[in-house]
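Reading through the structure tokens given below for one structure.
Since this is a predicted model, take the numbers as computed values, not measurements.
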Amino acid sequence: MQQHLARFNVDGNIELQVDASTPTSGSITQVNFRIIYSSDSLLLHWGVICDGNENWVFPSRQPEGTKNYKNKALRTPFVESGSSSYLKLEIDDLSIQAIEFIIFDEARNTWQNFHVKLPRKETLISNISLPEDLVQIQAYLRWERKGKRMYTREKEKEEYEAARAELLEEIARGTSVDDIRTKLTKKSGQEFKDSDIHEKTNTIPDDLVQIQSYIRWEKAGKPNYSPEQQLREFDEARKELQFELEKGASLDVIRKKITKGEIETKVSKPPQNKRYFGAQRTQRKQRDLMVLLNKHSVKSVEGSITVEQKPLTAVESFAKKIELDSSPVMNKKIYKFGEREVLVLVTKSADKIKIHIASDFEEPLTLHWALSEKAGEWLPPPRTVLPPGSVSLGGAAESTFSTCSFDDLPKQVQRIELEIEDGNFKGLPFVLLSGEKWIKHNGSDFYVDFSQRFKQDQKDAGDGKGTSKVLLDRIAEMESEAQKSFMHRFNIASDLMDQAKDTGELGLAGILVWMRFMATRQLIWNKNYNVKPREISKAQDRLTGLLQSTYTTHPQHRELLRMIMSTVGRGGEGDVGQRIRDEILVIQRNNDCKGGMMEEWHQKLHNNTSPDDVLICQALIDYIKSDFDISIYWKTLTENGITKERLLSYDRAIHSEPSFRRDQKDGLLRDLGHYMRTLKAVHSGADLESAISNCMGYQAEGEGFMVGVQINPVAGLPSGFPELLRFILQHVEDRNVEALIEGLLEARQELRPLLLKSSDRLKDLLFLDIALDSTVRTATERAYEELNNAGPQKIMYFITLVLENVALSSDDNEDLIYCLKGWHHAISMCNSQSAHWALYAKSVLDRTRLGLSSKAEWYQRILQPSAEYLGSLLDVDPWAINIFTEEVIRAGSAATLSSLINRLDPVLRETAHLGSWQVISPVEVVGYVDVVEELLAVQNKSYDRPIILVAKSVKGDEEIPDGTVAVLTPDMPDVLSHVSVRARNCKVCFATCFDPNILADLQANKGKLLRLKPSSADLVYSEVKEGDLADSSNLKGDGPSSVTLVRKQFGGKYAISAEEFTPEMVGAKSRNISYLKGKVPSWVGIPTSVALPFGVFEKVLADKLNQRVVEKLQILKKKLGEGDFDALGEIRQTVLQLAAPPELVKELKTKMLSSGMPWPGDEGEQRWEQAWTAIKKVWASKWNERAYFSTRKAKLDHEYVCMAVLVQEIINADYAFVIHTTNPSSGDSSEIYAEVVKGLGETLVGAYPGRALSFVCKKNNLSSPQVLGYPSKPISLFIRRSIIFRSDSNGEDLEGYAGAGLYDSVPMNEEEKVVVDYSCDPLINDGKFQQSILSSIAGAGKAIEELYRSPQDIEGVIRDGKVYVVQTRPQM
């Protein structure tokens, strides 16, 4: 039925038409918009008006592409078609009266508000008589569709009328009543007669039948009924109520009996072994892994937070002076009392300990103090240590503070200094006296521990760099209030959420750190403050509600928000929280256990409940189950960090042990089991059973115990989801966990679409997902023993399961998903017995390991600075601060995945015959072992004796320090990376170690003298005597030969063509490209080139346009000559300020155009500025650190380095390669070695993590390349058509000096970083394509080597299968 709703003239001459139509089936009204206007940026900005509500609301059905605009409106794009734009909305809510909207063109205009009334359903439906039994059946079907929720009486009536309206709509569209009856009732040849149902509808109200049918369904175990079974259940429910009526009960009495569950009901539960999922396996749906993709841009941490440098307080200034003037600091604490501070600073010199106590209290202070040999005792100080004017008081002493003599403190400070003989005492207890008022630390004595070693970097708050400092300072200020109770802490956290969101990921990291310090008991939970459990639960619910909202509005921070939620717990409405207090009384009453430990626990719960109560309840259950073995009670508590001292530390202490009678056992186990669910519902977000119950809904039963606790199921759960969760609960403790983990992941996959939508029950779904995630981890750890004897296929399969789990919980998971696809491909190769399966799987393993390292680095960067800064402000144990991020990582599935990878690594290396080493530069050496974190940190160092460096991190573009004879690393730089080439050129042994045990042994040899004997595939080491050092070949002065640079002069031209390339004008890089043109085979492409020759940079500097730049450079060069190496960066920035002489621009344009190259300036002035900046960056790279220190080490005059710039058009490469025409690892001249990466070659020669594809090929058999390793680089670089400016210095041509790769090549446009999916790359999975490309690369290498008649180092690219060579030079 089509109905015209409205026609509008927009903007005078643009027509908008709105029609409504009701489809032939269903109850959905379609609203169609057509506007005579075409634009790809046209939007409908809209909302709907419902009965009794003037505000816009959002309907459940929304067209694809609809976005929520600031929670105020929806925005849906129109679809262009010719000169018009169209849009269709579907409305299925009877309460919607009208649509209000704005037509919005993002590119141009916003047009006025429109209001269109929808046709009322009554206008479509004539006055038709409809049998009530059909309405009842339709209402039941609606109830089932909506998750079988518990309705109020008002809601039941509303749903009943909605069902009536749906059926009337069908009749209005021409469906007969008989057809509707057939549709609803006729199944499997069975039909319900009208007369049977009509008879009963005349006596029993339909709402009572509906409630009774729900009770029958619940008692039957909530089975999935077919439509005919549903009708039978309605009939049976009606019969049961009719029977009550016939016995004389009134309808009011029947209603009350239903509410209390007193109607006699006969139902049979389905057999226990009849499950939706088989006992052995869940049937996982086939899904495209790319649907898991999360890509959200997060603002860079660095520079995103403005740190306001607060001036030091008077007490902090005093402490700084003492630290500068005194001996090493043993202990330091600053206690805050509102605006006032008290400092305790302990220093040690020789055999004396000095204790400095200072404060900015204005009132005179007296120190009431003693000494102790153990914590808690007060021993009178010897008279010899008392400061002048002190008074002995028997068990203590009193000493008066004096005014500090420092002049430049911001306000007056009182101080006192004590000096104690070291070793006699362990600590110093004290309190302060101000007038008649005692000053204590949180109600207890202060205590100074002499044995505690203070670490400056741990305890100093520092400047808060890398944190949301303002937020953390605010948290620290509020901590004394937060310590009162969980209610206070959660409410304060809620108040700070807006500030945290505004600060981005660092703000949320601050909240996470604070909440985790709380969860790990580093902060006080309750300080003499009586809070009702429902108040705690309400505060918790408020905070988790805000986190739920932020999860929807800030998708880029979901990972952090999940972690915060897991530390906070679920919370709930007041009834759930209050039951913590109420139910303990019921337990005591029902089981006659009103005294002793149970009463003490009751008092503790009455005063303040905490997550400790979950553990206490579990300990009681374990104790009762063990037949009252009290050691089991203490075992459960102590294993979870609850000691006797902790039980005594509660405001309402628990002194007693539990003691029950045997006749109490069954009742206690039943009631404590129920009680555990209530405790977990409030305190444990990650508890699986509690989380499932909160999503699926439950109504507790029993005599007086938890009656009335009711949680409705979450609406819209996927079909079959309840059965899947039941399968999980039935198998959650299985020893064989594979089927369980599959079920857990299937549940997470089913949940994921719901987690991406906003709903009022989102947090319950999130807590369920968090619990499922946690259970995957614990189940996998339970499988470790089984995996000890498993084959590689089994381990790889477990890796895919855990990696899927990690990806489901990660914000930026693109790399993880491609790793997951890689593992599936590896398993497929293994199953098909591919010869290269292990080699390929090793590359996926390496990439996965890189992905986990990247994730750990992100955690470290985001969380650790906040942990250190906030921890120091809150006086958290330094040990807890130091391991904060490490513990966060260990708590997640990433640590489990890392463990599985470590199990598989040696298996793959053995299968692929990789051994424990990859030797990149096989040089036999002798040297002393030194261990460093990263090669970059020591690259400019000079060792005075031969050193074997064991470096954890080697990126690929570092220099090798002077005096280094070997670099050994677990990192994986490419064989043809800069550092690898430098190692071979300088005759330095360089190798990657894959075996962590060998690496650990080498690190343990730190300081010892070892001999390394490498081969092409292995490395043997042994300890040698000092005398053997003199005979070592690496000490015989085979360093760089004496080389000199010749200063190049300006040749009179700013730009030259390839035909003009001569040794006086350009370097070997440019000349070699010019030489290759026309000499290589026709199938090898050579890019067109021009150059800015030697001397142009100096000529530009001399131009009067750049006089100020020259003056600034002279000052900076002087600083550099004086050893200030920070000047290098300043020089590079200064070079970028150069202006281009007009002659340079003119000549370069002429040469580029005459050579057939595009001129950037033709695309606009901005494009020329991009090109000019790239040229200056090449010149500025003369002063990059690596190049500068390299020339210094070679004793070359850095001023004589001259830089030509080779200009080439960039080939947008599919692949890039580097060839060494003699195998650099073995020295075999009959064999070509090459490495290939996807995209541009910068990922190969630069510091990009991961390995390239590597292969060798015999020169006499180019058609048979042999792959040595598959790629593990996660990133590729691509670029639009552009120009690249390559460095071509005179320092790169010197024989005996490895100058290649020291200077920068800069493209005019920035490269685009793309995360690589190797599983669909033909170079990896198409054997014929791989053989063709690799053979072509090898063939180009052989041809160029024959042309030069010497081994060559060649760089090139592949585009559409064609080989292009972009540069070649002699292989060093």
Taking atom [atom1] of [X] as the centre, does the number of heavy atoms from other residues, nucleotides or ligands within less than 6.0 Å exceed 12?
X	atom1	result
F1278	CZ	yes
K1259	NZ	yes
K1313	NZ	no

One thing to verify: whether [Y] and [X] come together as a salt bridge, which I'm taking to mean a side-chain N less than 4.0 angstrom from a carboxylate O.
X	Y	result
K1362	D1214	no
R1071	D1288	no
E1209	R1281	yes
D1321	K1238	yes

Q) Is it the case that S1254 and E1235 place a side-chain donor and acceptor less than 3.5 Å from each other? A) no
Q: Could you list all the ring pair (Phe, Tyr, Trp, His ring centres under 6.0 Å) pairs where at least one residue sits in residues 1341-1372, not counting sequence neighbours?
A: Y1075-Y1348
Q: Measure the acute angle between the ring planes of H1198 and Y1188, then classify it against the limits of 30° and 60° as parallel, tilted or perpendicular.
A: perpendicular
Q: Establish, for the pair R909 and F994, whether the NZ or CZ atom is under 6.0 angstrom from the six-membered ring centre and no further than 45 degrees off its axis.
A: no
Which donor-acceptor pairs under 3.5 Å do side chains of residues 930-938 form with protein atoms, sequence neighbours excluded?
none

Q) How long is the span from the CZ atom in F1097 to the SG atom in C1202, to the nearest 0.5 Å? A) 10.0 Å
Q. Ring centroid separation for Y928 and Y943, is it under 6.0 angstrom?
A. no
Q | Inter- and intrachain pairs under side chain to side chain donor-acceptor pair (under 3.5 Å), touching residues 1265-1279, at least two apart | A | H836-Y1270, D974-K1273
